[in-house]
Amino acid sequence: MLSIELPVEIRASRFVLRRFSATQAEGFFHAVDQDRERLRENLEWVDSVSAPEDGVQWVRESLARWKAREQFDYGIFLNEGAELVGGVG
């Protein structure tokens with residue numbers, strides 16, 4: 001288990017890494033849905049997110065993993081707004 005505190009947000013010159021939140025679940029679903037074929041090549045969980053409710057569930061599980069210090073998922077957002085353009089974790 002990781003014993004240091006990770007920041008909720010990390011800013012760079014052109015983007016922001018931000019821990020997912022419940023308010024971003026719909027955007028998460030739409031980002032996955034728009035690029036589903038390409039994402040499926042490398043991410044086994046893609047087909048489990050097939051409806052907006054699945055995006056809500058995925059974000060809930062991501063936050064639970066963060067709280068348990070098991071995994072730290074960040075959304076990648078453009079600095080100019082709240083547009084989700086990717087993720088890492």
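For clarity, every value in this text was computed on a predicted model and none was experimentally measured. Just so you know, these numbers use all the heavy atoms, side chains as well, and skip hydrogens, waters and symmetry mates.
Closest approach of Val8 and Tyr74 over heavy atoms only: O-CE2, 3.8 Å. The minimum heavy-atom distance linking Ile76 with Gly87 is given by the pair CD1-N, 3.8 Å.
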Candidate pair Asp47 and Arg40, rule side-chain contact (heavy atoms from CB on, under 4.5 Å), full reasoning
CA-CA 7 Å; Asp47 289 330; Arg40 187 181 287 126; 2.8 Å; yes
Check the pair Glu5, Arg69 against salt bridge (Lys or Arg N to Asp or Glu O under 4.0 Å), reporting the backbone distance first and the verdict last.
CA-CA 9 Å; Glu5 286 298 317; Arg69 307 183 70 70; 3.7 Å; yes
Yes or no on salt bridge (Lys or Arg N to Asp or Glu O under 4.0 Å) for Asp73 and Arg65, after CA distance, side-chain angles and deciding distance?
CA-CA 9 Å; Asp73 297 312; Arg65 289 188 301 267; 2.9 Å; yes
Applying side-chain contact (heavy atoms from CB on, under 4.5 Å), run through Asp35 and Arg38 and close with a yes or a no.
CA-CA 6 Å; Asp35 209 9; Arg38 187 182 64 81; 2.6 Å; yes
Walk me through whether Val85 and Glu83 qualify under side-chain contact (heavy atoms from CB on, under 4.5 Å).
CA-CA 6 Å; Val85 295; Glu83 181 185 357; 4.0 Å; yes
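Atom CG of Asp33 is separated from atom NE2 of His30 by 7.5 Å, given to the nearest 0.5 angstrom. Between atom CD of residue Gln34 and atom CG of residue Leu84 there is a gap of 10.0 Å, rounded to the nearest 0.5 Å. Rounded to the nearest 0.5 Å, atoms CZ (Arg19) and NZ (Lys67) are 10.5 Å apart. Atom CD in Glu70 sits 11.0 Å away from atom OG in Ser62 (nearest 0.5 Å).
By the 4.5 Å heavy-atom criterion applied to side chains, Val59 and Gln24 are not counted as neighbours. Annotation: side chain of Val32 is in contact with side chain of Trp45 (closest heavy-atom distance under 4.5 Å). Considering only heavy atoms from C-beta on, Val16 stays 4.5 Å or farther from Ile10 through its side chain.
Other residues, nucleotides and ligands place no more than 12 heavy atoms under 6.0 Å from the CD atom of Glu26. Counting non-hydrogen atoms of neighbouring residues, nucleotides and ligands closer than 6.0 angstrom, the CD atom of Glu9 exceeds 12 such neighbours.
Contacts of Asp54 classified as side chain to side chain contact (heavy atoms under 4.5 Å, CB included), with partners at least two apart in sequence or in another chain: Val49, Ser50, Ala51.
Aromatic ring centres of Phe28 and Phe20 lie closer together than 6.0 Å.
Distance alone, capped at 3.5 Å, places no donor-acceptor pair between the Glu61 side chain and the Trp58 backbone. Between the side chain of Arg14 and the main chain of Leu78, no donor-acceptor pair closer than 3.5 Å is present.
Between the side chains of Gln57 and Glu53, no donor-acceptor pair of N or O atoms lies under 3.5 Å.
Clustering ILVMFWY residues whenever any of their side-chain heavy atoms sit less than 4.5 angstrom apart, transitively, puts Val56 in a cluster other than the one holding Val46.
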